[in-house]
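These numbers come from the heavy atoms of this one structure, side chains and all, not from hydrogens, waters or symmetry mates. Keep in mind the model is a prediction, meaning the values are calculated, not measured.
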Amino acid sequence: MQPSRKRSLPPALQALLALAGGASITLSLAPFNIWPLVLLGPALLYCLQRHQTLRAASWTGWLFGLGFWGAGISWVYVSIERYGGAPPWLAGGLTLAFVAALALLFALQGALFARIAASARHRWLIFTLCWLGFEWLRSWFLTGFPWLYLGYAWLDTPLQRWAPLGGVWGLSLLSLLLSMGLARLLADRHLTTALPGLALAAAAWLLPTQWTSPKAGDALDTVLIQPNIPQLAKWQPDNLDGILRQQIAQSAAYAEVDLIVWPETAIPATFNRAAPRMTPFLNWLEQEGISLITGFPYAEAAPERPGGQRFHNSLGLFGTGQDLYHKQRLVPFGEYVPFEAQLRGLIAFFDLPMSSFSLPTEHTGNMQLGNRQIAPAICYEIAYPQLVSALSRDADVILTVSNDTWFGRSIAPDQHLQIARMRALENGRWVIRATNNGVTAFITPTGKLASQAPLDQQAELRATVTMMSGQTPWQQFGVWPLAAIGVLLGLFALRRPGA
């Protein structure tokens, strides 16, 4: 008996559905937070790809990725056009090229799915594992671009209770199981596929809301400085004095706090250059028993490099303590330029201020403030689940600084804040978040916003932050339980061919 041929949609309609499915995921994340849409995109992609050839699944995956990244990181255009000096047509073309390149990951995901699914009993499980594997791949491949994970959509829902156990990827797995159940239910009237996801979702109500505990009597009275310095003015050498005076004036009103935090590159010059202007303020901090943590570019001798120096995007601790942290994950084109010899000088975007940072030659860990351990994350680093978990495992609090001014009033700052909230939830720690123009915030160990400063305003935000002890299961075991589950599910899915 010949197998029945699967009816397929017209190619143009398939392409449109793939693009729309990818774009729909952005609406499930901040600032829109329409969480049911996180189930739609993967379900639609699965229905399109499940009977496709390897070539067709690759094409469908690429189109899906084009919608996914095109909607989700459209804010890249703002940096290139407004601050990179590129005309709109060129900024649009470069943004499209970046999105198209990232979409190749979904093309590879589709090809892998089509290759394996042909011999699998449970195609939906293979699809789930391929998606989850590529989410993890995006956390390290070519330095990583860990953005737009499905799991972020479940913040502020009861399902977020799974985050301290499996991290954002555990929530992505749960999301995929629910999505595949929806796909099989609608396409095949198949009910049992929905049961694993529904069971795990229901079990969320049985899980603890918090895995760590406050350290009795140990808290930091903290003030965050949001200077709201215009991006185009920040790196003008003549503005350095005024920028420092403003931030010092904002800080001087808080003589009784324990810690003052300035944002990423709040000092827009190497510290040696800024030191004469900073010394009276630093002496005042020491006299008052106050600590300052601030971002600045750090220069060190490197005879092998042009100019004889190597620069780092760094955090420094001053006042009642001294410590230094160098950023360990750099943003391509923002903090370093791939193919630098070929691209420097072509357009202003490839010559942005402080786009020649280097990775530290040695590992840099937590910052020590008295008897407290602070897990630092500079801007983009907060998006790396494993990095933040490793740093915060023995820390009392997480501190992240950023300068999201590069992305204007786009959706990027809201996405970035959502990511920081997930790190707080995964690791059971307060997150202190200081930014140049927003969103400056204090985040509780359960991922809730305790307070936040208004966007695009000069502001100070103060709170008493409790130090936390203990570890979440995610901190203790990381991705290994998920990897083991993935292997078992893969073996089960490959038992024999079928639906």
Side-chain angles (χ1 to χ4, degrees), residues 212-226 251 254 257-267 271 282 285-286 289-296 298 312-329 360 362-402 419-435 440-445 447 450-451 461-472 475:
T212 56
S213 56
K215 287 187 173 181
D218 193 2
L220 275 175
D221 188 357
T222 306
V223 63
L224 311 180
I225 302 301
Q226 181 173 293
S251 305
Y254 297 92
V257 301
D258 302 313
L259 175 65
I260 297 171
V261 183
W262 291 5
E264 179 187 17
T265 57
I267 302 174
F271 190 76
L282 297 181
L285 291 172
E286 190 171 0
I290 302 170
S291 298
L292 169 72
I293 295 179
T294 181
F296 59 93
Y298 180 87
H312 300 290
N313 190 352
S314 303
L315 278 175
L317 171 64
F318 304 96
T320 58
Q322 287 189 344
D323 212 337
L324 187 65
Y325 171 82
H326 300 315
K327 192 176 184 183
Q328 302 176 59
R329 299 289 189 277
E362 297 179 358
H363 174 73
T364 56
N366 291 338
M367 304 185 82
Q368 187 81 31
L369 178 57
N371 62 349
R372 303 178 181 96
Q373 292 278 338
I374 297 176
I378 300 176
C379 189
Y380 188 54
E381 289 185 313
I382 198 70
Y384 288 82
Q386 290 174 283
L387 174 66
V388 177
S389 173
L391 288 170
S392 66
R393 193 170 293 131
D394 298 316
D396 304 300
V397 64
I398 299 170
L399 182 144
T400 181
V401 297
S402 188
I419 288 168
R421 292 179 59 201
M422 181 61 75
R423 298 293 89 83
L425 179 61
E426 289 171 339
N427 299 291
R429 300 291 189 274
W430 278 82
V431 169
I432 299 169
R433 186 171 194 263
T435 71
T440 296
F442 289 99
I443 305 168
T444 73
S451 58
L461 192 66
R462 183 176 179 178
T464 299
V465 177
T466 304
M467 303 297 99
M468 306 297 290
S469 63
Q471 294 180 350
T472 64
Q475 287 177 307

Q | More than 12 heavy atoms of other groups within 6.0 Å of Q322 CD | A | no
Q) Is the closest side-chain heavy-atom distance between T400 and E381 below 4.5 Å? A) no
Q: Applying side-chain contact (heavy atoms from CB on, under 4.5 Å), run through I378 and Y325 and close with a yes or a no.
A: CA-CA 9 Å; I378 300 176; Y325 171 82; 3.9 Å; yes
Q: Hey, could you give me the CD1/CD1 distance between I260 and I290, rounded to the nearest 0.5 Å?
A: 5.0 Å
Q. Are side-chain heavy atoms of P376 and N366 found at a separation under 4.5 Å?
A. yes
Q | Side-chain touch L220/L369, heavy atoms, less than 4.5 angstrom | A | yes
Q: Looking only at non-hydrogen atoms, find the nearest pair between K327 and C379 and report the distance.
A: NZ-CB, 3.9 Å
Q | Aromatic plane relationship, F318 with F271 - under 30° parallel, 30 to 60° tilted, over 60° perpendicular | A | parallel
Q | Exercise: identify the closest heavy-atom pair between R372 and D396 | A | CA-OD2, 3.2 Å
Q: Have a look at V397 and tell me which of M467, Q373, M468, R429 forms a side chain to side chain contact (heavy atoms under 4.5 Å, CB included) with it.
A: M467
Q: Would you indicate whether the side-chain heavy atoms of T222 and V257 approach each other to under 4.5 Å?
A: no
Q.
Minimum heavy-atom separation for I225 and P263, please, with both atom names.
A. O-CD, 3.4 Å
Q) Donor-acceptor pair, S392 side chain versus A395 backbone, under 3.5 Å? A) no
(Q) Tell me the closest heavy-atom pair linking T444 and A450, and the distance in Å. (A) CG2-CB, 3.9 Å
Q. To the nearest 0.5 Å, how far apart are OG1 in T435 and CD in Q226?
A. 4.5 Å
Q: Taking the side chain as every heavy atom from C-beta outward, state whether I374 and D323 have any atom pair closer than 4.5 Å.
A: no
Q: Rounded to the nearest 0.5 Å, what's the gap from OG on S314 to CG on L324? Could you check?
A: 5.0 Å
Q) Would you say the side-chain atoms of S291 and T320 include a donor-acceptor pair closer than 3.5 Å? A) yes
Q.
Any non-hydrogen side-chain atom of I419 less than 4.5 Å from a side-chain atom of R423?
A. yes
Q: State, to 0.1 Å, how close T212 and S469 come at their nearest heavy-atom pair, and which atoms those are.
A: CB-O, 3.2 Å
(Q) If the condition is ring-ring contact (aromatic ring centres under 6.0 Å, His included), which residues does Y298 pass it with, not counting sequence neighbours? (A) H326
Q) Is any side-chain heavy atom of L315 closer than 4.5 Å to a side-chain heavy atom of L399? A) yes
Q. When rounded to the nearest 0.5 angstrom, what is the spacing between CD in Q386 and CG in L391?
A. 12.0 Å
**Q.** Minimum heavy-atom distance between A219 and D258, given as atom pair plus value
**A.** O-OD2, 3.9 Å
(Q) Strictly distance-based, threshold 3.5 Å: is any side-chain N or O of Q328 a donor or acceptor partner for the main-chain N or O of T364? (A) yes
Q) Taking atom types as modelled, is there a side-chain donor on E426 or S389 under 3.5 Å from an acceptor on the other? A) no
Q.
Contact between I432 and F442 at the side-chain level, heavy atoms closer than 4.5 Å - yes or no?
A. yes
